Undergrad: 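Here it is, the structure in full.
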Amino acid sequence: MTWAPFALTVTVVLSAGVATPAEARQRDADPRKVIVDADPGIDDAMAILFALRSPALEVLGITTVFGNAHIDMGTANALRLVELAGRDVPVARGAAHPLILPLAPPPEFVHGTDGLGNIAQSEPTRQPIEASAAEFIVSTARRYPGEVTLLAIGRLTNLALALALEPRLPALVREVVLMGGSASAGGNVTPVAEANIWGDPHAADIVLGASWKVTMVGLDVTTSVRLGDDRLERMAARDPRVGGFVYRITRFYKQFHDSMGVTGGFYVHDPSAVAYLIDPGIFSTDKARVRVVTEGIAMGQTIADSATRAQRWDAFKGRPEVTVCRDVDGDRLLRLFETTLTP
Ligand code: BDR
Ligand code: CA
C-alpha cells in the first residue's frame, strides 16, 4: 500500500474564519451557505434539487467535476438543473480528470449516456461562469470566511485543487460534508472502494487529511436506505415539473439497481449528504482518522482508524479526526427528501 505521492502543506490561520459567540449564533440561525460540488449524475441531480429547494440551505454555487459524466456533460446537466429549479445560481466547471490517475470512462450503465438517465433533454440556455470550480470555491470562501460549507458529492478533485490554490482554505470554510467512502460496508466499484473515492483516490487522501471539519456520508449509511416508486409517484403527482423530472430520470437508475438485485427501490447516495446538512440528527456518527489507498488492488479503499484505538499506526499519525456516519433513520431521511423537494 502506498500513499499519495505528494502532500499539500496546509497552514492553519487561526484568525480567519473564527466567529465570536454572537456571530456563531447568528450564523446558525441563517440558512447555511453551501457550495455543491457534484458530477451530475442522477443521484447528484436529486441532491442538487433537494438542496436548492431547502429553506435551510443557501446554495451559493454549483461546481462540477468529472465522474458520472464527462465534465462538459456534467456541467451542462448542472446548468439544466438550476434552470429547472428556476434559480439564478452560478455553475463553475471543474476538473476534467483525476489529479494523477488517467480518466476512467463514465459509468454509463448507472447514469445513462447523458448522465441523467437518457431522457432526451434540451440544450441548457445558460453558461458556466468564467472561474474554474477551484477558483470559485476559494473566492467564495474568502468572501464569507467561516461560513461556507462544501457539500462534495463527486470525486474530490476540485476540493484538492482548491486546497492547492489556497492553503488557508481549511480555516476559511465552515466544514466539508462529503458523500463517499465506506468505513466497514465494503465498496461499490470494487469489493473495497466506493466510486467517488476510487475515481480520484489521491484527491480523497488530501481532502480527508486536511485540517478542516469533515463528515463522511458513505456506503455505511447510503446502502441502507432505498427510495421506492410509491414515494416517487406521489412526488410526481404533487409537482409534475420537479417531482416528475425526478421520476423520469430515475427510471434508468432504478433498472440498474434492479439488475444488481437491490430490492424495494434504489440508493439515494448523494441526497443523503444533503439530508445530513439539513438534519444531522437523522444519522449516528463516530470519529475516525481516515486514509485512502492510492494504488494496487485495494485502490480507493478508505481505511478508518477508530478514535478509540490506543496504538496509532504511523500512517495515521497527524491525521485529523473525521466524523463518519454509521447509522441512519431511513424513513426520516426519505420523508425529509419528499417534503423538501415536493412540499
Ligand atoms: C457515488 O458515486 C456516484 O455514482 C454517485 O453519484 C454517488 O456520488 C456513490 O458511490
Ligand atoms: Ca455523485
Side-chain angles (χ1 to χ4, degrees), residues 34-51 62-71 73-75 77-78 81 91 94-95 98 103-117 133 150-159 176-183 185-201 203-204 207 215-227 246 249-250 252-257 259-260 262 265-277 292 299-302 324-325 328 333 337:
V34 178
I35 296 175
V36 184
D37 187 73
D39 58 333
I42 293 169
D43 61 327
D44 299 78
M46 290 191 282
I48 288 168
L49 293 170
F50 187 14
I62 298 171
T63 52
T64 61
V65 64
F66 72 92
N68 292 329
H70 286 296
I71 190 63
M73 183 79 79
T75 305
N77 288 341
L81 291 163
V91 172
L103 178 65
E108 293 180 345
F109 54 97
V110 183
H111 297 271
T113 50
D114 65 354
L116 288 182
L150 303 178
L151 178 71
I153 54 176
R155 279 65 171 149
L156 294 166
T157 320
N158 290 335
L159 271 62
V176 176
V177 173
L178 63 92
M179 190 282 131
S182 166
N188 60 357
V189 173
T190 78
V192 294
E194 183 280 328
N196 288 338
I197 306 297
W198 174 87
D200 193 346
V207 170
T215 299
M216 191 172 111
V217 184
L219 299 180
D220 307 283
V221 285
T222 64
T223 54
S224 50
V225 182
R226 285 146 208 217
L227 175 57
V246 170
I249 62 169
T250 53
F252 193 94
Y253 197 59
K254 179 178 182 303
Q255 269 172 30
F256 164 71
H257 283 79
S259 75
M260 297 299 291
V262 178
F266 52 79
Y267 301 142
V268 281
H269 299 291
D270 292 342
S272 302
V274 180
Y276 179 85
L277 268 190
V292 180
M299 188 182 81
Q301 181 177 17
T302 42
V324 178
C325 290
V328 55
L333 188 154
F337 176 73

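In each ligand, atom 1 is the first atom listed, and ligand 1 is the first ligand listed. Quick caveat, the model's predicted, so the values are computed rather than measured. The basis for the numbers below is simple: all heavy atoms, side chains too, and nothing from hydrogens, waters or symmetry mates.
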Undergrad: Which protein atoms of type N, O or S are found under 3.0 Å from the Ca ion (ligand 2)?
TA: Asp39 OD1, Asp44 OD1, Asp44 OD2, Ile153 O, Asp270 OD2

Undergrad: Tell me whether Thr64 contacts the main-chain N or O of Gly94 through its side chain, where contact means a donor paired with an acceptor under 3.5 Å.
TA: yes

Undergrad: Taking Asn188 for its side chain and Ala195 for its backbone only, find out whether a donor-acceptor pair lies under 3.5 Å.
TA: yes

Undergrad: Using modelled atom types only, decide if a donor and an acceptor are shared between the side chain of Asp200 and the backbone of Arg155 within a distance under 3.5 Å.
TA: no

Undergrad: Can you tell me how far the CD1 atom of Ile42 sits from the NZ atom of Lys254, to the nearest 0.5 Å?
TA: 13.0 Å

Undergrad: Treating Asn158 as the side-chain partner and Ala95 as the backbone partner, does any N or O pair qualify as donor plus acceptor under 3.5 Å?
TA: yes

Undergrad: Would the distance check show the side chain of Asp270 and the main-chain N or O of Met179 forming a donor-acceptor pair, the cut-off being under 3.5 Å?
TA: no

Undergrad: If you round to the nearest 0.5 Å, how far is CG of Asn68 from CG of Asp114?
TA: 11.5 Å

Undergrad: Between Thr250 (side chain) and Tyr253 (backbone), is there a donor-acceptor pair under 3.5 Å?
TA: no

Undergrad: Within the side chain of His111, is there an N or O that forms a donor-acceptor pair under 3.5 Å with the backbone of Gly41?
TA: no

Undergrad: Identify the protein atoms, limited to N or O, that lie within less than 3.5 Å of an N or O atom of ligand 1, and list each pair with its distance to 0.1 Å.
TA:
residue	atom	partner	partner atom	Å
ligand 1	4 (O)	Asn68	OD1	2.8
ligand 1	4 (O)	His111	NE2	3.2
ligand 1	6 (O)	Asp43	OD1	2.6
ligand 1	6 (O)	Asp43	OD2	3.3
ligand 1	6 (O)	Asp44	OD1	3.0
ligand 1	6 (O)	Asn68	ND2	2.9
ligand 1	6 (O)	Asp270	OD2	3.1
ligand 1	8 (O)	Ile153	O	3.0
ligand 1	8 (O)	Asn196	ND2	2.9
ligand 1	8 (O)	Asp270	OD1	2.6
ligand 1	8 (O)	Asp270	OD2	3.1
ligand 1	10 (O)	Asn188	ND2	2.8
ligand 1	10 (O)	Glu194	OE2	2.4

